[in-house]
Amino acid sequence: MHFRRVYRVTTFVPPENVDALIASIAAVDPLGTGRYDRVCWRSAPGIEQFRPLEGANPSYGKIGEVAHSATVRLEFILPLNPETLRRVLEEGLFPAHPWEEPAVFIDETTVTDGEGRRGEE
């Protein structure tokens, strides 16, 4: 078994925007793991809460009012390379995300590559 360090990127996006966001990110980085690409994880929809403040330009909700919106938690991993991370965020995630200020969480973690688990003798 092999281990490797990666960035884990987590964001929340309305369900109707998930596929377009993944496509935009994958246009910058294939989100590959082993012999697979576009590898990511989606949760069941939950509820995001926020209140746009004066000066905001919300795509949903009204200034000064608490808004609730269905969102999906989307996670994917990237190689532990700051330049790749920067490009994916600046060229893939932020331009395609419908929110003015999307919540994006980044942490470093270790994954296994699962090499040789299936289909190899």
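What you see below is based on every heavy atom in this structure, not just the backbone, and it leaves out hydrogens, waters and symmetry mates.
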- [ ] State, yes or no, whether a side-chain contact exists between Ile77 and Leu31 at a heavy-atom distance under 4.5 Å.
- [x] no
Task: Within-4.5 Å side-chain heavy-atom neighbours: Thr109 and Val6 - done: yes
TODO: Would you mind reporting whether Arg4 and Thr110 have side-chain heavy atoms less than 4.5 Å apart?
DONE: no
TODO: State whether Arg42 and Asp19 are salt-bridged, where the test is any N-O pair (Lys NZ or Arg NE/NH1/NH2 against Asp/Glu carboxylate O) under 4.0 Å.
DONE: yes
TODO: Mark yes or no for whether His97, through its side chain, and Phe12, through its backbone, hold a donor-acceptor pair below 3.5 Å.
DONE: yes
TODO: Determine whether Val13 and Tyr7 fall in the same hydrophobic cluster, where Ile, Leu, Val, Met, Phe, Trp and Tyr are linked whenever their side-chain heavy atoms lie under 4.5 Å apart.
DONE: yes
- [ ] Considering non-hydrogen atoms only, spot the tightest contact between Asp37 and Pro30 and give its length.
- [x] CB-O, 3.3 Å
TODO: Work out which heavy atom in Pro98 is nearest to a heavy atom in Ser59; give both atom names and the distance.
DONE: O-OG, 2.9 Å
Open item on the list: With a 4.0 Å cut-off on N to O distance, would you call Glu108 and Arg5 a salt bridge?
Closed with: yes
TODO: Quick one: pull up CZ in Phe3 and OG1 in Thr112 and give me the separation to the nearest 0.5 Å.
DONE: 6.5 Å
Open item on the list: Can you confirm whether Val18 sits close enough to Glu16 that some side-chain heavy atom of one is under 4.5 Å from a side-chain heavy atom of the other?
Closed with: no
Open item on the list: Measuring only between side-chain heavy atoms, which start at C-beta, is Leu85 closer than 4.5 Å to Leu80?
Closed with: no
Task: Smallest separation among heavy atoms of Pro58 and Ile63, with atom names - done: CD-CD1, 3.9 Å
TODO: Mark yes or no for whether Tyr60, through its side chain, and Trp99, through its backbone, hold a donor-acceptor pair below 3.5 Å.
DONE: no
Task: Distance, nearest 0.5 Å, that separates CZ of Arg38 from CG of Asp29 - done: 11.5 Å
Open item on the list: Determine whether a donor-acceptor pair (N or O, by modelled atom type, separation under 3.5 Å) exists between the side chain of Ser69 and the backbone of Glu48.
Closed with: no
Open item on the list: Donor-acceptor pair, distance only, cut-off 3.5 Å: does the side chain of Thr71 make one with the backbone of Ile47?
Closed with: no
Open item on the list: Side chains of Thr84 and Val28, heavy atoms from C-beta outward: is any pair under 4.5 Å?
Closed with: no
- [ ] Would you indicate whether the side-chain heavy atoms of Phe76 and Leu93 approach each other to under 4.5 Å?
- [x] yes
Task: Heavy-atom side-chain contact between Val104 and Val9 under 4.5 Å - done: yes
Open item on the list: With rounding to the nearest 0.5 angstrom, report the CG to CZ distance, Leu78 to Arg86.
Closed with: 13.0 Å
Task: Spatial distance of atom CG (Asn81) from atom CZ (Arg87) [nearest 0.5 Å] - done: 9.5 Å
TODO: Hey, could you give me the OG/CG distance between Ser24 and Asn17, rounded to the nearest 0.5 Å?
DONE: 11.5 Å
- [ ] Working to the nearest 0.5 Å, report the span between CD1 of Ile106 and OG1 of Thr10.
- [x] 9.0 Å
Open item on the list: Side-chain heavy atoms nearer than 4.5 Å, only ILVMFWY residues, links allowed to pass through others: does that put Val111 and Trp41 together?
Closed with: yes
Task: Closest non-hydrogen atom pair, Thr11 against Pro102 - done: OG1-CB, 4.4 Å
Task: Salt-bridge present (Lys62, Glu65; N to O < 4.0 Å) - done: no
